[in-house]
Amino acid sequence: MIPYGQQEVTEKDVAEVVRVLRSHFLTQGPEVPRFEQAVAEYCGAAHAVAVNSATSALHLACRALGLGPGDTLWTSPITFVASANCGAYCGASVDFVDIDPATGNISLLALEGKLTRAQAEGRLPKVLVVVHYAGLSAPMREIAALCRPLGIRIIEDAAHAIGGTYENEPVGNCRYSDIVVFSFHPVKIITSAEGGMALTNNATLAERMRLLRSHGITREPQALKYDDAPWYYEQHDLGYNYRMPDVLAALGRSQLKRLDDYVARRHALAQRYDELLAGLPLMLPTYEAPDARSALHLYVVQIDEEKAGKTRREIFKAMRAAGIGVQVHYIPVHLQPFYRRLGFAPGDFPVAEAFYARCMSLPLFPDLGEDREDQVISALQGALS
Ligand SMILES: *Cc1c(COP(=O)(O)O)cnc(C)c1O
């Protein structure tokens with residue numbers, strides 16, 4: 001089976017991990033700040049906080065922004081459940097904004113309309129989580145222009161988007177948001193096995209996230225309230241164990257060195273898909289916009305069922321039978337049983353639901369190679385014929 005996504009681990013990566021395994025620290029040693037510094041520098045952000053997953057980073061981001069019971073978080077429905085769950089973890093209400101069908105990202109028009117109605121009813125969200133679907137940045141300048149005057153805080157869920165650019169600058173610079181979150185899960189652009197990172201230009205938010213990452217405990221002499229004995233530490237908030245191990249930070253930093261190469265290889269493969277799939281009853285994805293270049297985590301086609309004379313379900317099954325690990329990104333989050341129990345129902349976000357009904361992700365990862373890509377293409381030609 002050719003998977004839809006897969007990591008590449010080189011001998012250099014292995015050597016870095018082994019070097020740390022033989023060192024004094026397995027967790028929270030010198031490798032974590034080195035990885036944090038390297039990502040912050042790459043992105044042009046002031047602070048980076050490494051954690052054990054993007055899910056944890058989203059949770060810490062919401063906590064640092066003060067999200068809690070009585071507040072509301074908005075995100076778009078075509079995403080992984082973690083983009084919404086972070087609000088629920090904090091006891092906040094979660095709601096959704098429909099998508100732009102051309103990109104899968106949040107729709108500016110839908111956002112503007114929903115903000116106007118929410119403002120009139122006095123129930124604006126505290127936090128908006130903006131997902132960069134498949135790696136293409138959402139229109140952050142316009143989103144910030146709508147949200148900032150209303151005091152809404154912005155988190156970019158850039159789990160797909162490290163290595164992408166927006167306005168010719170790296171995604172992650174936090175120019176139009178409070179916090180940007182990356183994932184280093186193996187199917188994402190670069191990996192640390194499990195891992196995530198939260199970037200911010202705000203020193204207070206960074207400090208809060210660092211505290212919450214490790215139980216809410218501090219040992220900083222100037223922060224201690226009751227004692228300063230050499231063994232003394234204090235818990236100042238209800239935090240978690242979300243630390244990234246040093247061993248994995250070394251893997252992540254080693255992978256980061258190949259980030260630009262990975263994104264370039266993804267683009268070369270995507271351009272080949274574009275050329276060789278032209279003419280089939282498909283809509284091909286947008287991964288270059290005037291103001292953005294995708295990191296291309298996913299290559300998602302939309303199947304024209306009418307022209308094809310076949311359903312997405314039939315085509316998906318035929319691909320799987322042919323050994324091609326196609327996938328569907330994503331089942332709209334509001335249709336998950338957990339969110340239906342909170343009152344959401346089919347029809348609530350029709351553009352997202354229509355997108356879901358037609359989408360299928362083809363295999364795309366740095367060392368897919370042209371031979372395997374050709375296998376995917378001929379299987380798709382077969383499934384559609
Ligand atoms: C993968 C993903 C996450 C969660 O990442 P983990 O590191 O696995 O926790 C969050 N949001 C989006 C959009 C994702 O694709």
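In each ligand, atom 1 is the first atom listed, and ligand 1 is the first ligand listed. Heavy-atom basis, side chains included; hydrogens, waters and symmetry copies ignored.
Annotation: Y356 is not in aromatic contact with F349 [ring centroid separation under 6.0 Å not met]. Between H267 and Y287, the ring center distance clears the sub-6.0 Å criterion. Between Y262 and F365, the gap from one ring centroid to the other reaches at least 6.0 Å. For an aromatic pair to be called close, the ring centres must be under 6.0 Å apart, and H334 with Y339 fails this. A ring-centre distance under 6.0 Å is found for F35 and F184.
With respect to atom 14 (C) of ligand 1, the closest heavy atom belonging to the protein is K188 NZ, 3.1 Å. H160 NE2, 2.7 Å is the protein heavy atom nearest to atom 15 (O) of ligand 1.
The residues E305 and R313 are annotated as not salt-bridged, no charged nitrogen and carboxylate oxygen being separated by less than 4.0 angstrom.
By the criterion of a heavy-atom distance under 4.0 Å, both the backbone and the side chain of A54 are placed next to ligand 1. Residue-level proximity to ligand 1 for Y330 is carried by the side chain, the only part with a heavy atom below 4.0 angstrom.
Comparing heavy-atom distances from atom 4 (C) of ligand 1 across V181, V51, D157, T55 singles out T55 as nearest.
No heavy atom of F182 sits closer than 4.0 Å to any atom of ligand 1. Heavy atoms of G195 approach ligand 1 to within less than 4.0 angstrom.
Set against the non-hydrogen atoms of S183, the atoms of ligand 1 under 4.0 Å away are 5 (O), 6 (P), 7 (O). Counting the atoms of ligand 1 from 1 in the order shown, those under 4.0 Å from a heavy atom of T79 are 13 (C).
L335 and I99 are members of different hydrophobic clusters when ILVMFWY side chains are connected at heavy-atom separations under 4.5 Å.
Inclusion of H185 in the set of residues having an N or O under 3.5 Å from an N or O of ligand 1 is not warranted.
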